Amino acid sequence: MVRIITVIALFLGLAACQSDDDTPRRSSVSTQSSNDTRVAKSVFGYIPTASAQESESIGGYAKGCQAGAVQLAETGPTWQAMRLSRNRNWAQPTTVAFVQDLSRYAATLKGWDGLYVGDMSQPRGGPMLTGHASHQTGLDIDVWMLPPARLNLSAAERENISSISMQRANGAYVNSSWTPEHEALIKRAAEDPRVARIFVFAGAKVEMCKNATGDRSWLRKVRPWFGHHYHFHVRLNCTAGDANCEDQAPPPAGDGCEDAQVWVNNILNPPPAQPSTAEPRGPLLMAELPNQCGAVAAN
């Protein structure tokens, strides 16, 4: 049964080529007028600044927006925001604080001066013109696997430098670039009570399962997902008091190590292909987003 479920998940994930995590597109309680047929990414993807509102995450990680976002400084004492041309270093205040906290810890690790921070969210969240299906509510962060050797990269260097892959055998195993410091960094993030999920390639989860000692409860938050071998993706819980924010369901009980091993087994010995039953769908429309997102886009 576990194998069947995993096979289904594999094909659903491959079909969703814009997705970078396991977020279902859940319905929000209150949505835009059904007459608003604008493509949401075309509305949110070009807004250069945050809304003049109190900070709030609205809707779900893959169907929402953010009000009153704050910008992660392009360079800090222990971090640098990458790919500045994308203008995706915006998030909720709790997310920015988390990045700063994790970067300070990273700077204590051997060979790390801090963090290179990838995509967070757009100034007002919402669907992006390219890439992620999630990162819409200011609660998602991509952390590069590349240990920063220096934190004075120019804007041009940040556009051209790339992270490094940690995977071998299509993600079944870690490669020689994977270090105990990578494990320590992900563990530190998972132990933070603000964190709901961490997404990483299956081989990394299995490797951490092999090496973990003592309290293994943090492993529950670390979930295998497609493509996460150049970065790991941290997702935070909704901030207390954000009544319009939709948390993802908690991960299944246990450390998730058996499930991760199933992923690895299916990478090494792919099961027979199954026809996809998922219906193709177009981009999200404004009418499908929470009602409050119209005001976020307008303010």
Side-chain angles (χ1 to χ4, degrees), residues 1-10 12-14 20-23 98 101-103 105-112 114-116 118 140-148 163-236 248-271:
M1 179 61 71
V2 172
R3 185 179 180 86
I4 294 172
I5 292 172
T6 304
V7 171
I8 294 172
L10 174 65
L12 288 177
L14 292 175
D20 67 348
D21 55 53
D22 64 354
T23 306
F98 170 82
D101 291 344
L102 187 63
S103 73
Y105 173 75
T108 70
L109 298 174
K110 180 182 178 181
W112 293 67
L115 294 179
Y116 287 151
D140 293 289
I141 316 108
D142 287 344
V143 179
W144 280 24
M145 295 287 197
L146 177 65
S163 187
I164 54 175
S165 175
M166 296 285 119
Q167 73 174 10
R168 179 167 60 88
N170 295 319
Y173 308 107
V174 297
N175 62 26
S176 59
S177 295
W178 181 263
T179 66
E181 287 73 31
H182 286 90
E183 294 192 23
L185 183 62
I186 292 174
K187 179 183 179 183
R188 177 72 169 219
E191 290 176 334
D192 193 302
R194 292 170 288 189
V195 171
R197 290 279 204 290
I198 295 175
F199 301 103
V200 71
F201 68 99
K205 171 66 186 268
V206 170
E207 182 71 12
M208 287 185 280
C209 288
K210 291 178 182 177
N211 297 332
T213 59
D215 182 4
R216 297 169 60 89
S217 61
W218 60 274
L219 286 165
R220 182 186 181 203
K221 294 182 184 179
V222 182
R223 314 304 298 185
W225 200 249
F226 310 96
H228 288 68
H229 54 100
Y230 285 93
H231 70 269
F232 63 93
H233 176 162
V234 181
R235 168 165 297 157
L236 303 190
Q248 194 170 351
D255 60 19
C257 291
E258 290 185 7
D259 180 60
Q261 186 62 55
V262 171
W263 278 67
V264 167
N265 295 344
N266 286 333
I267 292 170
L268 296 173
N269 298 291

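Quantities reported herein were computed from a predicted structural model and do not represent experimental measurements.
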- Please work out whether the ring planes of F201 and H229 are parallel, tilted or perpendicular, with thresholds of 30° and 60°. perpendicular
- Task: Check whether any side-chain N or O of H182 sits under 3.5 Å from a backbone N or O of P180 as a donor-acceptor pair, and report yes or no.
- Result: no
- Taking the side chain as every heavy atom from C-beta outward, state whether L185 and L115 have any atom pair closer than 4.5 Å. yes
- Indicate yes or no for a side-chain donor-acceptor contact from K110 to the backbone of E181 under 3.5 Å, with no hydrogens or angles considered. no
- Task: Kindly say whether R223 contributes a backbone atom to a donor-acceptor pair with the side chain of R197 at under 3.5 angstrom?
- Result: no
- Query: Okay, side chain of R220, backbone of P252: is any donor-acceptor separation there less than 3.5 Å?
  - Reply: yes
- Query: Donor-acceptor pair, K205 side chain versus P224 backbone, under 3.5 Å?
  - Reply: no
- Message: Is it the case that atom CZ in F98 sees more than 12 heavy atoms from other parts of the structure closer than 6.0 Å?
- Response: yes
- How would you list all residue pairs meeting disulfide (SG to SG under 2.5 Å) that involve residues 168-202, not counting sequence neighbours? none
- Task: Please work out whether the ring planes of W263 and F226 are parallel, tilted or perpendicular, with thresholds of 30° and 60°.
- Result: tilted
- Message: Run the side chain to side chain contact (heavy atoms under 4.5 Å, CB included) test against D101 and tell me which residues pass, sequence neighbours left out.
- Response: R104, R194
- Query: For N170, does the CG atom have more than 12 heavy-atom neighbours from other residues, nucleotides or ligands under 6.0 Å away?
  - Reply: no
- Message: Looking at Y230, is its backbone amide N or carbonyl O close enough to the side chain of S163 to form a donor-acceptor pair, meaning the two atoms are under 3.5 Å apart?
- Response: yes
- Task: Using atom types as modelled and distance alone, determine if a side-chain donor or acceptor of D142 lies under 3.5 Å from a backbone N or O of H233.
- Result: no
- Message: Is the shortest side-chain heavy-atom distance between E207 and E183 below 4.5 Å?
- Response: yes
- Would you say K187's side chain and M208's backbone share a donor-acceptor pair under 3.5 angstrom? no
- Sequence neighbours left out, what pairs pass salt bridge (charged side-chain N to carboxylate O under 4.0 Å, His left out) with at least one residue falling in residues 208-218? R216-D255
- Query: Does the separation of the ring centres of W112 and Y105 fall below 6.0 angstrom?
  - Reply: no
